[in-house]
Amino acid sequence: MSTVNIVGSILGKISKDPYKIFAPFLSNSSPELIKKVQHFLIKEGVFATSKKNKTPKALRQQLWGRVFPSPIGISSGYDTKITVSDFLCDMGFGFSEVGTVTCNPDKITKRAFYSKKDKAIIDQTPGFLCEELHDFVLDLSARRGKRGIVGTSIGETLKNFIGDETGKGERIEPIEQYEIALKAVAPYSDFVTINVSNSNMAGLAEYQIEQNLNELLKKLRVAINKAAPINTPALLLKMSADVSDVGKEITAKCALANQLDGIIVAGGTKKRFEGMSNYLLKTPGCMFGKPTFEYSTHLIKEMYYHTQAQIPIIGCGGIFDANDVYKKIRAGASLTQVYTGIIVNGPGMIKKMNEQLANKLRADGFNSVSEAIGADMR
Ligand SMILES: Cc1cc2nc3c(=O)[nH]c(=O)nc-3n(C[C@H](O)[C@H](O)[C@H](O)COP(=O)(O)O)c2cc1C
């Protein structure tokens, strides 16, 4: 047992949720630093000291040929390098999405701000900070055979260029970039997400145009079937929360036409809403967390309607407790994902969320999550 394991075991005896002891020291830190501290604690077993997790059976759901023990998963961006996903699944999260990874990492620095008061994060990073695709795939393949459900988010680079810093290299069209990343990760992923959700990347708005989105989805549908003909991963699309009304309809239409297995609704938003703090109103960038909850839940309802409930929706945006998850499910989500909620509350939140979600289902007469999906839309 390492020193930290011993510390973790002591902390586990003092507190049901050991993260609460660390949280006050981190409240003014950047979300990246908070994430790093959380990852360190997770890897060192601090959370494993709590009693063996038993996820209530009512939360179990079969989707894409896999059994999801809980509908609450980890959003992309939290575990970009596949360092903690297996631990998180063991702690009670139903699945994890790693990445976003691209075929060639952009040389950019993270610019993200955390407002604890608003329970929000604003991200100004114009692209994806990720490791080299080759290294990412090595890490991903190393976890083959492990229990947790892990999907991979793939994206495009800022400059559509593959090469080195000296400028040597070649220009690669965005769709081809997605194809390169998809082919590399598909054999080791339970699902692959085509991420067009980053509102900080102007180029991604191109995928609100029907012809462009159709071409992307068509090519990637063929590519995933070829890259992993046996046990083919589910193919998902993560849409932007800043999509126009027409864009919502186009997204649904293209997803149906190309037999997508799921739509993630949605990434962060550049919109600002009434009654927000001055800090949020004045800080530009993509906003995540509590203030986005109502908006993104409404978007789930719209996409559930536009897809005629034919494509499973993974709902995210502002989830902090079981009640938030339940509302997303009733709005039409089959699964949900959390990011900012973990930064604020710590990953130990999942145990209570699972228990409380099961209680909510039971109280409303649902025997399982599946029965509650879209309940507010009927
Ligand atoms: C700092 C930060 C980094 C993120 N990075 C990614 C990313 O790489 N890929 C992605 O698809 N989404 C990314 N997201 C969005 C999350 O996956 C999720 O969709 C969003 O945070 C909404 O959930 P939340 O309100 O629970 O945070 C990021 C979000 C934050 C706050």
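In listed order, ligands and their atoms are each counted from 1. For clarity, every value in this text was computed on a predicted model and none was experimentally measured.
- Inclusion of Gly318 in the set of residues having an N or O under 3.5 Å from an N or O of ligand 1 is warranted.
- Residue Ser76 has at least one N or O atom closer than 3.5 Å to an N or O atom of ligand 1.
- At a heavy-atom distance under 4.0 Å, only side-chain atoms of Phe128, from C-beta outward, approach ligand 1.
- Between the side chains of Gln38 and Tyr78, at least one donor N or O sits under 3.5 Å from an acceptor N or O.
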Enumerate donor-acceptor pairs with a distance under 3.5 Å from any side-chain N or O in residues 306-318 to protein atoms, sequence neighbours excluded.
{"unit_1": "Thr307", "atom_1": "OG1", "unit_2": "Met303", "atom_2": "O", "d": "2.6"}
{"unit_1": "Thr307", "atom_1": "OG1", "unit_2": "Tyr304", "atom_2": "O", "d": "3.4"}
{"unit_1": "Gln310", "atom_1": "NE2", "unit_2": "Gln308", "atom_2": "O", "d": "3.0"}

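- Annotation: Ser75 places an N or O atom under 3.5 Å from an N or O atom of ligand 1; distance criterion only.
- Heavy atoms of Asn195 found under 4.0 angstrom from ligand 1 belong exclusively to the side chain.
- Protein heavy atom at the shortest distance from atom 4 (C) of ligand 1 is Tyr339 CE1, 3.8 Å.
- For Lys238, every heavy-atom contact with ligand 1 shorter than 4.0 Å involves the side chain, none the backbone.
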Checking side chain to side chain contact (heavy atoms under 4.5 Å, CB included) for the pair Asp118/Lys290: CA distance, chi angles, key distance, verdict? CA-CA 7 Å; Asp118 297 302; Lys290 198 77 205 163; over 6 Å; no

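- Taking the six-membered ring where tryptophan is involved, the planes of Trp64 and Phe191 are tilted, since the angle between them lies from 30° to 60°.
- Using a 4.0 Å cut-off between charged side-chain N and carboxylate O, Lys36 and Glu32 make no salt bridge.
- Which parts of ligand 1 touch Thr100 is read off a 4.0 Å heavy-atom cut-off, strictly below it: atoms 7 (C), 8 (O), 9 (N), 10 (C), 11 (O).
- When the heavy-atom distances from atom 15 (C) of ligand 1 to Tyr114, Phe113, Phe288, Phe320 are ranked, the shortest goes to Phe288.
- Residue contacts with ligand 1: Glu32 is placed with no nitrogen or oxygen under 3.5 Å of a nitrogen or oxygen of the ligand (distance criterion only).
- Contact annotation for Ile121 and ligand 1: only side-chain heavy atoms (C-beta onward) come within less than 4.0 Å of the ligand.
- For an aromatic pair to be called close, the ring centres must be under 6.0 Å apart, and Phe288 with Tyr339 fails this.
- When non-hydrogen atoms are compared, ligand 1 lies under 4.0 Å from the backbone of Ala266 (N, CA, C, O) but not from its side chain.
- The N/O atoms of Cys316, backbone and side chain alike, include none that comes under 3.5 Å of an N/O atom in ligand 1.
- A cation-pi arrangement is absent between Lys117 and Tyr279, since the terminal nitrogen or guanidinium carbon is not both under 6.0 Å from the aromatic centre and inside a 45° cone about the axis.
- Heavy-atom proximity to Thr340, at under 4.0 Å, picks out these atoms of ligand 1: 24 (P), 25 (O), 26 (O), 27 (O).
- Under 4.0 Å from ligand 1, not a single heavy atom of Glu97 appears.
- The main-chain N or O of Gly289 is found under 3.5 Å from a side-chain atom of Thr292 such that the two form a donor-acceptor pair.
- Of the listed residues (Lys271, Lys270, Lys248), just one forms a salt bridge (charged side-chain N to carboxylate O under 4.0 Å, His left out) with Asp242, and that residue is Lys271.
- Close N/O approach between Gln337 and ligand 1 is not found [any backbone or side-chain N/O within under 3.5 Å].
- Scanning the protein heavy atoms around atom 5 (N) of ligand 1, the nearest turns out to be Gly77 CA, 3.4 Å.
- When the salt bridge (Lys or Arg N to Asp or Glu O under 4.0 Å) test is applied to Asp79, no partner is found at least two apart in sequence or on another chain.
- In this structure, a donor-acceptor pair under 3.5 Å is present between the side chains of Lys328 and Thr297.
- Taking atom 23 (O) of ligand 1 as the reference point, the nearest protein heavy-atom neighbour is Gly317 N, 3.6 Å.
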